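Heads up: the structure comes next, in structure tokens.
Remember, it's a predicted structure, so these values are computed and weren't measured experimentally.
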Amino acid sequence: MDIVEKVLGNRAETVWAERLKDAVTDELELSQWDAQKNRLRKETAGGRSVAVALERGAFLRDGDILYWDGEKRLAVVCRIRLCPVMAVDTAGLEALPREEALSAAVHLGHALGNQHWPAVVKKSVVYVPMTADSRVMEAVMDTHAVPGVTFSFLSGEDVRDRLRPEEARLLFGGAEDREHGHRHDHHHA
């Protein structure tokens with residue numbers, strides 16, 4: 001079993017992108033929720049056992065290099081799968097009379113907040129990570145049927161590209177941020 005106590009770098013960094021060009025990469029696939037843990041045990045796609053034991057407050061990001069064997073040209077790379085997102089479009093509220101639109105917005109906020117769903121508002125769209133099955137989330141939205149509001153489901157990767165890094169962190173808990181705001185200890189093998 002490989003024990004990972006520090007992230008070596010990230011495949012988005014030039015030095016690692018070059019190093020990985022002709023290397024064999026074995027992916028440790030994690031959900032965005034697992035990526036927020038600083039301690040976990042998982043198996044890579046290639047069957048390698050990995051125990052992650054990062055310092056408190058540290059978490060993994062997509063593309064992080066967890067293991068590197070320069071002689072064998074082998075790397076274990078973290079691959080984070082972002083959860084789908086419900087996109088709630090509130091643009092229809094603009095067509096309603098002011099008082100009705102305000103009431104509908106408060107009703108929507110109550111419906112989302114009552115479920116304890118995190119949300120990020122970008123222009124007229126409220127993005128909510130899917131913390132429940134889509135049928136459950138759809139049922140909640142249909143039950144509340146807020147006038148002027150529609151919703152759809154999108155991939156987390158599509159939504160991430162629409163958000164600033166700090167908004168993406170709020171929505172995905174840090175799992176999406178490939179190269180912003182974290183330091184790596186670089187070990188050159």
Going hydrophobic residue to hydrophobic residue with side-chain gaps under 4.5 angstrom, can you get from Val85 over to Met137? no
Mind checking whether Met130 and Leu170 sit in one hydrophobic cluster, side chains of I, L, V, M, F, W, Y counted as touching below 4.5 Å? no
Ser152: what forms a side chain to side chain contact (heavy atoms under 4.5 Å, CB included) with it, not counting sequence neighbours? Ala87, Leu154
By ring pair (Phe, Tyr, Trp, His ring centres under 6.0 Å) - contacts of His107 (at least two apart): His144
Would you say that Ser134 contacts Phe153 through its side chain, given a criterion of any heavy-atom pair below 4.5 Å between the two side chains? yes
Would you find a donor on one side and an acceptor on the other, under 3.5 Å apart, between the side chain of Asn10 and the backbone of Glu13? no
Across all chains, not counting sequence neighbours, the salt bridge (charged side-chain N to carboxylate O under 4.0 Å, His left out) partners of Asp142 are none
Taking 4.0 angstrom as the limit, do Arg11 and Asp62 come out as a salt bridge? yes
Do Leu30 and Arg79 have side chains that approach each other closer than 4.5 Å (heavy atoms only, starting at C-beta)? no
Distance check, rounded to the nearest 0.5 Å: Asp133 atom CG versus Arg135 atom CZ? 4.0 Å
Test side chain to side chain contact (heavy atoms under 4.5 Å, CB included) applied to Ser103 - qualifying residues, sequence neighbours left out: none
With sequence neighbours left out, write down each residue that passes side chain to side chain donor-acceptor pair (under 3.5 Å) with Glu29, or none if nothing qualifies. Arg81
Co-membership, hydrophobic cluster, residues Leu108 and Leu171, 4.5 Å side-chain: no
A quick test of your reading: do over 12 heavy atoms of other residues, nucleotides or ligands sit less than 6.0 Å from CZ of Arg39? yes
Sub-4.5 Å side-chain heavy-atom contact between Leu28 and Leu66: yes
Out of curiosity, Glu138 CD to Thr143 OG1, how far, rounded to the nearest 0.5 Å? 10.5 Å
Give me the atom names and distance for the closest heavy-atom approach of Leu93 to Ala104. CD2-CB, 3.5 Å
Ala35 to Ile80 - nearest heavy-atom pair and separation: CB-CD1, 3.4 Å
Sequence neighbours excluded, which residues qualify as side chain to side chain contact (heavy atoms under 4.5 Å, CB included) partners of Arg73? Arg19, Asp22, Ala23, Trp68
Passes side chain to side chain contact (heavy atoms under 4.5 Å, CB included), Val149 versus Asp89? Steps please. CA-CA 6 Å; Val149 171; Asp89 189 345; over 6 Å; no
Do the side chains of Val76 and Ile3 join up, straight or via other hydrophobic residues, at under 4.5 Å, putting them in one cluster? no
Which residues satisfy the side chain to side chain contact (heavy atoms under 4.5 Å, CB included) test with Glu100, sequence neighbours excluded? Leu96, Pro97
Excluding sequence neighbours, so at least two apart, what forms side chain to side chain donor-acceptor pair (under 3.5 Å) with Thr44? Asp26
For Glu18, which residues count as a side chain to side chain donor-acceptor pair (under 3.5 Å) partner, sequence neighbours excluded? Lys21
Please check this pair: side chain of Ser31 against backbone of Asp34, looking for a donor-acceptor N/O pair closer than 3.5 Å. yes
Distance-only donor-acceptor pairs under 3.5 Å for side chains of residues 111-129, two or more places apart:
from   : atom 1 : to     : atom 2 : distance (Å)
Trp117 : NE1    : Thr131 : OG1    : 3.3
Lys122 : NZ     : Glu167 : OE1    : 3.0
Tyr127 : OH     : Arg162 : NH1    : 3.4

Taking only residues two or more places apart in sequence, or in another chain, which ones meet Glu99 in a salt bridge (charged side-chain N to carboxylate O under 4.0 Å, His left out)? none
Side-chain donor-acceptor distances from residues 48-60 under 3.5 Å, at least two apart:
from  : atom 1 : to    : atom 2 : distance (Å)
Arg48 : NE     : Asp2  : OD2    : 2.2
Arg48 : NH2    : Asp2  : OD2    : 3.2
Arg48 : NH2    : Tyr67 : OH     : 3.4

Is the shortest heavy-atom distance from the side chain of Val88 to the side chain of Thr150 under 4.5 Å? no
